[in-house]
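What follows is one structure encoded as structure tokens, with my remarks underneath.
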Amino acid sequence: MKLIFEKSVPGRRCDILGKCDVDYVSVPEGFARQMPLALPEVSEVDLSRHYTALNQQVHGVNCGFYPLGSCTMKYNPRIDEDMAALEGFTGIHPLAPESAVQGCREVLDTASRYLCEISGMDAMTFQPAAGAHGEFTGVLLIKQYHDSRGDTGRRKIIIPDSAHGTNPATAAMCGYQVVNVPSAPDGCVDIEALKAVLGEDTAGLMLTNPNTVGLFDENILEITRLVHQAGGLCYYDGANLNAVMGVVRPGDMGFDCIHMNLHKTFATPHGGGGPGAGAVGCKAFLAEFLPRSALAEEPGHIQVRSFQGNFLVVVRALTYLMSLGREGIPEAAQNAVLNANYLMEKIKGTFQPAYDRVCMHEFVLDLGPYKKATGVSALDVAKSLIDYGMHPPTMYFPLIVHEALMLEPTETESKETLDWAAEIFRQLYDLGHKDPDYMRAAPHHAQIGRPDEVRASRSPVLRWEEA
């Protein structure tokens, strides 16, 4: 489809404005633009059709099944959006006097209290703008803690080999050396390997539980005990919190700080370049190191973003929390686990799980044997799913499974949808044996086939340039 700039016609407008009723004031010459704004000129109907056409090219949770593993693509209830659109929330200003924003202050305080209860933490900040930003903030808490004690020889952060890529990146950005710990054959942390790398130079451990292959590490209390015994702190990556929220608390597992992806676990919108929120919680002994607003006038504290972060995202998350309540939160987690295990069992017998045991919120299929038998890769299967109206699952992650497809159905999918998805996987399993060339050329009915992803990554075209 054409870009909106390509549809532009000089002089075409989509507004009808009355005569201006205030005096015109010219811009001083030194501040005036030297060239006109390069904005598209279109009619209202063309503008409406443009955005409708864009919408038709996008697959979202409201369009169909979206089992993107590790991303928790759950449905965002419309009531969350309604609450975030209330004028009392949208009409505030961060520099407004305290007396004028008491309702907003109560939202932040209430959300903080609820999330501390769910996570087992004592204090919370909403300043980080997204999950990875929350990771960065959490590791800075660990760094500040050690530095405040003069314990500056702790320069290593331990990270499992199945971790999200943001974990080692975050540790490196905070100035730490990353130490990878291999997974044991059961997909969890190799305890003996962990013991071998712990020492006086250990600053901390970054870990998510359930882990990236969808398994709850039964040795978690021993893992955190060993790290603490070595003098390190334990950081919980909240990416997989949806599987255990309201059931077991990271703070009770021995973790000292945590970030929570509000878009994953608490049903605020995903990505698209829009605002996010990576709430960070910690135990009481770390609370003094949490970020402060620039207005707090407390020197010596980190500040990772302006003011209190993306407030309206917190409004959405609090609406979700209050809608589900104390009973609904653990029920949502339990249903997420139920759905994942149901889908895994329905697919078994064709594509096989990498770890054939009860999973949590997600599971990983190992397509290595299938590729060896048919020549059809995990990528080919993922691309083929597009032709059936299903968003592909996460591919080739975690790295410890070489032909991996990671599926996370979330709690908001029905049994009928899961049955349909399992049937599609069975059909593709058979198709790969009968006509592998067809699958290697998929998708056949999508807007875009197989773009040059390497070129797109290394030489992206991110803006339109006027000829």
Side-chain angles (χ1 to χ4, degrees), residues 119-125 127-128 131-183 188-209 211-212 217 219-239 250-260 278 280-292 298-304:
S119 63
M121 298 293 153
D122 300 311
M124 191 74 52
T125 179
Q127 200 176 98
H133 201 200
E135 273 186 34
F136 179 71
T137 305
V139 176
L140 285 181
L141 296 185
I142 294 175
K143 184 178 178 64
Q144 289 180 100
Y145 170 78
H146 291 309
D147 288 351
S148 72
R149 295 158 52 89
D151 203 356
T152 56
R154 298 187 178 275
R155 306 308 310 158
K156 295 180 180 179
I157 292 286
I158 299 169
I159 302 174
D161 60 0
S162 64
H164 294 96
T166 51
N167 286 184
T170 293
M173 286 182 65
C174 291
Y176 285 113
Q177 178 184 343
V178 176
V179 179
N180 281 318
V181 176
S183 298
C188 297
V189 173
D190 186 320
I191 295 293
E192 295 306 315
L194 174 62
K195 291 178 181 178
V197 298
L198 288 171
E200 294 182 355
D201 58 358
T202 299
L205 167 79
M206 298 182 75
L207 183 73
T208 185
N209 193 35
N211 64 18
T212 308
D217 199 316
N219 295 317
I220 190 62
L221 294 179
E222 177 66 3
I223 291 169
T224 55
R225 185 191 70 80
L226 289 170
V227 175
H228 287 148
Q229 188 178 57
L233 299 185
C234 297
Y235 169 87
Y236 185 91
D237 180 335
D252 298 335
M253 298 181 208
F255 288 94
D256 304 297
C257 53
I258 175 178
H259 90 265
M260 286 168 279
V280 170
C282 65
K283 292 296 184 71
F285 74 94
L286 290 174
E288 62 179 295
F289 304 114
L290 284 172
R292 299 287 193 272
E298 297 180 31
H301 286 95
I302 62 170
Q303 182 188 359
V304 296

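Sequence positions, counted from 1, serve as the residue numbers for this chain. Any value given below was found using the heavy atoms of this structure, including those in side chains, with hydrogens, waters and symmetry copies removed. Because the structure is a prediction, the values reported are computed rather than measured.
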(Q) Would you compute the distance between atom OH of Tyr236 and atom CE of Met253 and round it to the nearest 0.5 angstrom? (A) 4.5 Å
Q. Which is it for His228 and Asp256 under the side-chain contact (heavy atoms from CB on, under 4.5 Å) test, yes or no, and what are the steps along the way?
A. CA-CA 10 Å; His228 287 148; Asp256 304 297; 2.8 Å; yes
Q | Heavy-atom closest contact (Pro128 atom, Val280 atom, distance) | A | CG-CG2, 3.9 Å
Q: To the nearest 0.5 Å, tell me how far Leu290 CG sits from Thr125 OG1.
A: 6.0 Å
Q. Quick one: salt bridge (charged side-chain N to carboxylate O under 4.0 Å, His left out) partners of Glu222, sequence neighbours excluded?
A. Arg225
Q. Taking the side chain from Asn180 and the backbone from Asp161, do they hold a donor-acceptor pair closer than 3.5 Å?
A. no
(Q) Quick check: do Tyr145 and Leu141 have side-chain heavy atoms less than 4.5 Å from each other? (A) no
Q | Positive for side-chain contact (heavy atoms from CB on, under 4.5 Å) with Leu207, one of Ile220, Val181, Asp217 | A | Ile220
Q) Checking side-chain contact (heavy atoms from CB on, under 4.5 Å) for the pair Asp201/Arg155: CA distance, chi angles, key distance, verdict? A) CA-CA 6 Å; Asp201 58 358; Arg155 306 308 310 158; 5.6 Å; no
Q. Roughly how far, to the nearest 0.5 Å, is CG of Asp147 from CD of Gln144?
A. 8.0 Å
(Q) How close do Ala132 and Thr166 get, counting heavy atoms only, and between which atoms? (A) CB-CG2, 4.2 Å
(Q) Any heavy-atom pair between the side chains of Leu286 and Leu233 that's under 4.5 Å? (A) yes
Q: Carefully, step by step, assess His259 and Tyr235 under the rule side-chain contact (heavy atoms from CB on, under 4.5 Å).
A: CA-CA 8 Å; His259 90 265; Tyr235 169 87; 2.4 Å; yes
(Q) Are the side chains of Ser148 and Phe289 in contact, using a 4.5 Å heavy-atom criterion? (A) yes
